[in-house]
Amino acid sequence: MQQLKIDLIAAARPNFMKIAPLFHELNKQPWCKLRLVHTGQHYDKNMSDAFFHDLGLPKPDLHLGVGSGSHAEQTANVMLAYEAACVADRPDLIVVVGDVNSTVACSLVGSKLHITVAHLEAGLRSRDRCMPEEINRLVTDAIADILWTPSPDGDENLAAEGVPAEKITRVGNIMIDSYELMRDRIEARSTRQELGLADTEYGVVTLHRPSNVDEPAKLTELVAQLKSIATRVPLVFPVHPRTRKNLETFHLWTELVDAPGLQVIEPLGYVDFMNLVCGARLIITDSGGVQEETTYLGIPCLTLRTTTERPITVTEGTNRLVGTAELGETVDCILAGQWARGRKPDLWDGHAAARVAADIRQRLLPPLHDETGCAAQPRQQAMGNA
Ligand code: UD1
Ligand code: UDP
């Protein structure tokens, strides 16, 4: 049987939850051969290995070990290493996910080598080009051959940018697949109890956007707000390494750690983090993925940003964009029970990976049988490979 060689690209924390369901689905298919590539953009144990373990992913076939750096350094280092890997062993299809620097770097490599590139989580737009991720999304979607979108706004954004409809397939939200795959283990975990939060209302905080954590004045204001809120509802804050580095540099770390009602902890693995989220009264975040998970779970989410590339979490879900100054009063609304319940968006159902697999099969492999029931000849590849 003809086998497609598929590279799955993983790089940073949110990628692992997008790659894992796809890996497990494609690994069952006799028509493809997978190569799991980790670019090494995230490398701390609790930003990388913990997720491979939690999500049942094997050791990557290829680890590019690029690490941190400026945008240009990181993007260029991924390109150099991944181009060499593709030249040494050329895949038929490269699957990139999300919007991190490694996503755009690997898309550029594939595109220039005329390898078919597919983008999972295509079409999301914040329309804020100060976000590095927005540039990554625009470039990746402009050059990818196959665009898998999570929601109708993705299709609309791509159409408005002139992407031909035949390149787009709406597959739903892959993050929800990870949650459903792990649901039993998430429910069985005792993270809430271990943090002393089993019988109480509490909030969870995650922050890592440069717009929130890279400026001393902004981060100082946020720390003051969190300290004040923690006197009314206990907060748990697993701190991202970028944020920790800045809290220490701006001399805010001790103040945060000593604040009454606030538990400052290391970043959590996926299963522990979701156990914590599932029991929370509210979430305060600037994460992309957490906006989606809270909408799926019906948990109030306050997003500390002026825009979101995931507007469906606001229009249909439980998410609201808030400024730092209004954070405290908005938390009080939630504690008083004033919050929309929201609904689960269509195709956020745990079956996105199966739809992706079916789409790959349909687009890139010959049909199993022609109309007479005879085995069909391989059809010419429609995309990418010039
Ligand atoms: C990156 C992504 C962002 C994503 C986030 C998920 C880009 C441009 N940004 O942001 O879209 O939302 O990941 O978490 O791709 N660091 C460590 N250990 C690690 C990783 C990072 O200490 O394992 C520290 C380093 O000091 C590094 C800094 O965090 O310089 C930032 O890491 P980087 O991957 O460049 O960006 P993130 O802020 O993590
Ligand atoms: N997450 C986690 N542990 C944490 C914080 C977040 O497992 O301590 C998970 C979260 O459930 C979601 C993903 O990480 O699935 C989101 O990643 P992140 O916020 O780093 O990136 P973004 O989605 O903003 O790109």
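Computed from heavy atoms alone, side chains included, the values below leave out hydrogens, waters and symmetry copies. Since the model is a prediction, treat every value here as computed from it, not as a measurement. Remember, it's 1-based here, ligands and their atoms both numbered in the order they're listed.
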Under 4.0 Å between a Lys/Arg side-chain N and an Asp/Glu carboxylate O for [X] and [Y]?
{"X": "Glu309", "Y": "Arg127", "value": "no"}
{"X": "Arg137", "Y": "Glu121", "value": "no"}
{"X": "Arg305", "Y": "Asp128", "value": "no"}
{"X": "Arg209", "Y": "Glu133", "value": "yes"}
{"X": "Asp145", "Y": "Lys167", "value": "no"}

Check whether any side-chain heavy atom of Leu207 lies under 4.5 Å from a side-chain heavy atom of Thr285, and answer yes or no.
-> no
Under 3.5 Å side-chain donor-acceptor pair for [X] and [Y]:
{"X": "Ser102", "Y": "Tyr82", "result": "no"}
{"X": "Ser190", "Y": "Glu194", "result": "yes"}
{"X": "Thr324", "Y": "Glu221", "result": "no"}
{"X": "Tyr296", "Y": "Glu180", "result": "yes"}
{"X": "His71", "Y": "Asn101", "result": "yes"}
{"X": "Thr295", "Y": "Asn319", "result": "no"}

Considering only protein heavy atoms, which is closest to [atom], and at what distance to one decimal place?
{"atom": "atom 1 (N) of ligand 2", "result": "Phe273 CD2, 3.5 Å"}
{"atom": "atom 21 (O) of ligand 2", "result": "Pro14 CG, 3.4 Å"}
{"atom": "atom 16 (N) of ligand 1", "result": "Tyr43 OH, 3.5 Å"}
{"atom": "atom 9 (N) of ligand 1", "result": "Glu133 OE2, 3.8 Å"}
{"atom": "atom 20 (C) of ligand 1", "result": "His42 CD2, 3.4 Å"}
{"atom": "atom 4 (C) of ligand 1", "result": "His208 NE2, 3.8 Å"}
{"atom": "atom 6 (C) of ligand 1", "result": "Pro14 CD, 3.4 Å"}
{"atom": "atom 18 (N) of ligand 1", "result": "Asp44 OD2, 3.0 Å"}
{"atom": "atom 9 (C) of ligand 2", "result": "Met17 CE, 3.7 Å"}
{"atom": "atom 23 (O) of ligand 2", "result": "Gly289 N, 2.8 Å"}
{"atom": "atom 8 (C) of ligand 1", "result": "Asn101 OD1, 3.3 Å"}
{"atom": "atom 22 (O) of ligand 1", "result": "Pro241 CB, 3.3 Å"}
{"atom": "atom 11 (O) of ligand 2", "result": "Glu293 OE1, 2.8 Å"}
{"atom": "atom 7 (O) of ligand 2", "result": "Phe51 CE2, 3.2 Å"}

Output for pair (Leu282 CG, Thr330 OG1), nearest 0.5 Å, gives 10.5 Å
With atoms numbered from 1 as shown, which atoms in ligand 1 lie under 4.0 angstrom from a non-hydrogen atom of [X]?
{"X": "Val100", "value": "2 (C), 11 (O), 15 (O)"}
{"X": "Ser68", "value": "25 (C), 27 (C), 30 (O)"}
{"X": "His240", "value": "14 (O), 37 (P), 38 (O), 39 (O)"}
{"X": "Arg209", "value": "11 (O), 12 (O)"}
{"X": "Lys245", "value": "26 (O), 30 (O)"}
{"X": "Gln74", "value": "34 (O), 35 (O)"}

If I apply the N/O under 3.5 Å rule, does [X] come out as touching ligand 2?
{"X": "Leu268", "value": "yes"}
{"X": "Gly288", "value": "yes"}
{"X": "Thr206", "value": "no"}

Has Asp258 got more than 12 heavy atoms of other residues, nucleotides or ligands less than 6.0 Å from its CG?
-> yes
Given the side-chain rings of His53 and Phe16, with only the six-membered ring counted for Trp, is the space between their centroids under 6.0 Å?
-> no
State yes or no: are the ring centers of Phe51 and His42 separated by less than 6.0 Å?
-> no
Among the heavy atoms of His71, does any lie under 4.0 Å from an atom of ligand 1?
-> yes
Any cation-pi pair here, Arg170 with Trp148, using under 6.0 Å and within 45°?
-> no
Check each of Arg13, Arg242, Met47 against atom 31 (C) of ligand 1 and report the one with the nearest heavy atom.
-> Arg242
Logged contact type for Glu133 with ligand 2, heavy-atom cut-off 4.0 Å, is neither
Could you tell me whether Ser287 approaches ligand 2 through its side chain, its backbone, both or neither, with non-hydrogen atoms closer than 4.0 Å?
-> both
Hey, does Asn136 come in under 3.5 Å of ligand 1, counting only N/O atoms on both sides?
-> no
Heavy atom of Arg209, distance to ligand 2 below 4.0 Å = yes
For Ser178 and ligand 2, answer yes if some heavy atom of the residue is under 4.0 Å from a ligand atom, otherwise no.
-> no
